2 protein chains.
Amino acid sequence: MKKQEELFLDYLTRKRLKNTSQRMIILKAFLRQDSHLSTEDFYLQLRKKHPGIGYATVHRTLKLFAECGIAAERNFGDGQMRFEVRHDNEHHDHLVCTECGRIIEFENQQIEQLQLDVAQKHNFFIKDHRLELYGLCQACFSNDQGNI
Amino acid sequence: MKKQEELFLDYLTRKRLKNTSQRMIILKAFLRQDSHLSTEDFYLQLRKKHPGIGYATVHRTLKLFAECGIAAERNFGDGQMRFEVRHDNEHHDHLVCTECGRIIEFENQQIEQLQLDVAQKHNFFIKDHRLELYGLCQACFSNDQGNI
DNA sequence: TCGATATTGAAAACGGATTTCAAAATACAG
DNA sequence: CTGTATTTTGAAATCCGTTTTCAATATCGA
């Protein structure tokens with residue numbers, strides 16, 4: 001069993017929540033996908049195989065995933081919440097293509113360190129951060145050039 | 001006349017939009033405040049002195065400010081749009097206190113440079129970026145410690 | 001001043017997130 | 001195994017900030 005599955009089951013037990021077939025289906029589907037789907041898109045995907053599962057349940061379950069730490073909520077400013085699988089300790093930020101919506105993950109330890117420096121300078125205790133670079137991915141950039 | 005006022009008036013002329021008393025009132029009020037008010041909060045402030053001006057007009061005018069470049073839209077993930085006055089060329093990022101809502105601006109040229117490096121590595125053309133550090137400001141951190 | 005055009009404020013519509021509620025499923029004590 | 005208290009489910013309703021609609025009003029330029 002995957003580590004995230006264990007974490008989730010533990011969380012259910014701890015909170016005296018119930019282990020339902022819907023939750024397991026959603027969990028497996030969530031761990032299988034590794035992009036940054038919005039609740040809506042994830043629901044539409046899932047519905048193909050499991051038409052019985054309602055949007056509300058998907059939404060509530062994704063929230064549960066976030067609570068127990070196996071999912072991270074992301075908001076890229078397009079008015080849709082997105083969820084991604086969270087792997088332990090690893091933190092990453094995103095390049096977001098404003099043309100095609102492509103999302104590229106990156107890690108940069110130097111930036112993280114500089115953030116800590118900034119926080120310290122302002123006597124600020126960081127709990128979380130978010131860094132997103134918006135622009136054009138290679139493909140869209142080439143296209144744009146070609147269209148001039 | 002402030003530079004931003006000129007920019008806005010120029011923009012109105014250029015787009016053949018009309019110079020109304022409401023727009024001027026909203027413009028002056030906007031330039032006077034320098035925090036990061038949400039549309040709602042800004043409207044509530046303004047209403048004290050100008051009860052006749054409607055929310056829709058405030059909303060539309062703030063959008064105009066953003067279009068013509070004298071305002072920047074910010075979204076700190078609390079579901080409310082915020083607008084801040086934009087000063088030429090200067091770019092800054094934010095520390096956001098999740099306890100009291102205080103917002104501290106900062107600039108860090110090294111981080112900006114590292115962002116460019118990251119983008120280049122991924123053949124990505126950056127148009128914009130957003131960096132926010134969430135946590136506790138000094139006051140709230142001290143309080144939290146005291147409450148243990 | 002007139003007439004075309006843009007703007008206004010109130011209210012309605014919108015869209016995604018969240019909640020409600022009655023029926024169904026689950027856990028667990030006996 | 002029950003029986004029962006509790007949680008969960010799916011559909012629909014609600015929420016809440018944003019945006020649009022529309023008829024009345026204001027502005028601008030000839």
Side-chain angles (χ1 to χ4, degrees), chain A residues 8-30 36-68 71-84 101, chain B residues 8-27 29-30 36-68 71-83 101:
Chain A
F8 183 59
L9 292 175
D10 286 355
Y11 184 76
L12 292 183
T13 309
R14 198 146 27 87
K15 292 267 184 172
R16 301 188 204 296
L17 301 176
K18 291 175 179 172
N19 182 347
T20 67
S21 63
Q22 287 94 331
R23 283 181 176 158
M24 288 310 115
I25 289 168
I26 294 170
L27 175 60
K28 285 181 197 306
F30 177 66
H36 300 74
L37 291 183
S38 64
T39 309
E40 178 73 15
D41 291 345
F42 180 68
Y43 165 68
L44 291 176
Q45 282 293 323
L46 190 73
R47 198 170 63 171
K48 292 177 190 166
K49 293 256 183 181
H50 302 277
I53 297 182
Y55 181 90
T57 301
V58 170
H59 170 263
R60 286 182 287 225
T61 306
L62 288 173
K63 284 285 185 187
L64 269 187
F65 293 168
E67 278 171 36
C68 77
E73 295 184 42
R74 297 286 184 177
N75 169 358
F76 294 138
D78 63 350
Q80 306 232 148
M81 192 70 82
R82 288 158 192 282
F83 290 85
E84 67 184 30
Chain B
F8 184 58
L9 292 175
D10 285 357
Y11 185 76
L12 292 183
T13 310
R14 197 146 26 88
K15 291 270 185 166
R16 302 190 205 295
L17 302 177
K18 290 174 181 172
N19 182 348
T20 67
S21 63
Q22 288 94 330
R23 282 182 177 159
M24 287 310 115
I25 289 168
I26 294 170
L27 176 60
F30 177 65
H36 300 73
L37 291 183
S38 64
T39 308
E40 178 74 14
D41 291 345
F42 181 67
Y43 165 68
L44 291 177
Q45 281 294 323
L46 190 74
R47 199 169 63 170
K48 292 178 190 166
K49 294 253 183 186
H50 302 279
I53 298 182
Y55 181 90
T57 302
V58 170
H59 170 263
R60 285 183 287 225
T61 306
L62 289 173
K63 284 285 186 187
L64 269 187
F65 294 167
E67 277 171 34
C68 77
E73 295 185 43
R74 297 286 184 177
N75 169 358
F76 295 138
D78 62 351
Q80 306 230 149
M81 193 71 83
R82 290 159 192 281
F83 290 86

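These numbers come from the heavy atoms of this one structure, side chains and all, not from hydrogens, waters or symmetry mates. These figures come from a predicted structure and were not determined experimentally.
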Quick one: pull up [atom1] in [X] and [atom2] in [Y] and give me the separation to the nearest 0.5 Å.
X       : Y       : atom1 : atom2 : value
B/Arg23 : B/Leu17 : CZ    : CG    : 5.5 Å
B/Ser21 : B/Ile26 : OG    : CD1   : 9.0 Å
A/Arg74 : A/Glu84 : CZ    : CD    : 4.0 Å

Would a 4.5 Å heavy-atom cut-off, applied to side chains only, mark B/Leu9 and B/Leu27 as touching?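 In short, these two side chains do not touch, never coming nearer than 4.5 Å.
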Round to the nearest Å and state the distance from [X] atom [atom1] to [N] atom [atom2].
X       : N      : atom1 : atom2 : value
B/Leu37 : D/dG17 : CG    : P     : 15 Å
A/Tyr11 : D/dT7  : OH    : P     : 14 Å
B/Arg23 : C/dG9  : CZ    : P     : 11 Å
B/Tyr43 : D/dC16 : OH    : P     : 17 Å
A/Leu64 : C/dT19 : CG    : P     : 13 Å
A/Leu44 : C/dG15 : CG    : C1'   : 14 Å
B/Asn19 : C/dT5  : CG    : C1'   : 15 Å
A/Met24 : C/dA25 : CE    : P     : 17 Å

OP1 or OP2 of D/dA26 less than 4.0 angstrom from a side-chain nitrogen or oxygen of B/Gln22, does that happen here?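 Checking B/Gln22 against D/dA26: no side-chain N or O falls below 4.0 Å of OP1 or OP2.
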A/Thr20 side chain near D/dT9 phosphate (N/O to OP1/OP2, under 4.0 Å):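 For D/dT9, OP1 or OP2 has a side-chain N or O of A/Thr20 closer than 4.0 Å.
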Tested for ring-ring contact (aromatic ring centres under 6.0 Å, His included) against B/Phe65, the lone hit among B/Phe42, B/Phe83, B/Phe30, B/Tyr11 is B/Phe30
I'd like a table of atom pairs between the protein and nucleotides 18-20 of chain D - only N or O on both sides, under 3.5 Å - with the distance next to each one.
{"from": "D/dT18", "atom 1": "OP1", "to": "B/Met81", "atom 2": "N", "distance (Å)": "2.8"}
{"from": "D/dT18", "atom 1": "OP2", "to": "B/Tyr55", "atom 2": "OH", "distance (Å)": "3.3"}
{"from": "D/dT19", "atom 1": "OP2", "to": "B/His59", "atom 2": "NE2", "distance (Å)": "2.6"}
{"from": "D/dT19", "atom 1": "OP2", "to": "B/Lys63", "atom 2": "NZ", "distance (Å)": "3.4"}

Comparing A/Thr57 and A/Lys18 on DNA chain D - which has the more 5′ nearest nucleotide: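 Final value for this comparison: A/Lys18.
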If you pin A/Ser21 and B/Gly54 to their nearest nucleotides in DNA chain C, which one's is more 5'?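 Residue closer to the 5' terminus by nearest nucleotide: B/Gly54.
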Suppose the criterion is side-chain hydrogen bond (donor to acceptor under 3.5 Å, both in side chains): which pairs have a residue in residues 51-60 of chain B, not counting sequence neighbours?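 Applying side-chain hydrogen bond (donor to acceptor under 3.5 Å, both in side chains) to every pair that reaches into residues 51-60 of chain B, excluding sequence neighbours, yields nothing.
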Might you point out which heavy atoms bring B/Leu64 and B/Leu12 nearest each other, and give the distance in Å? CD1-CD2, 4.4 Å
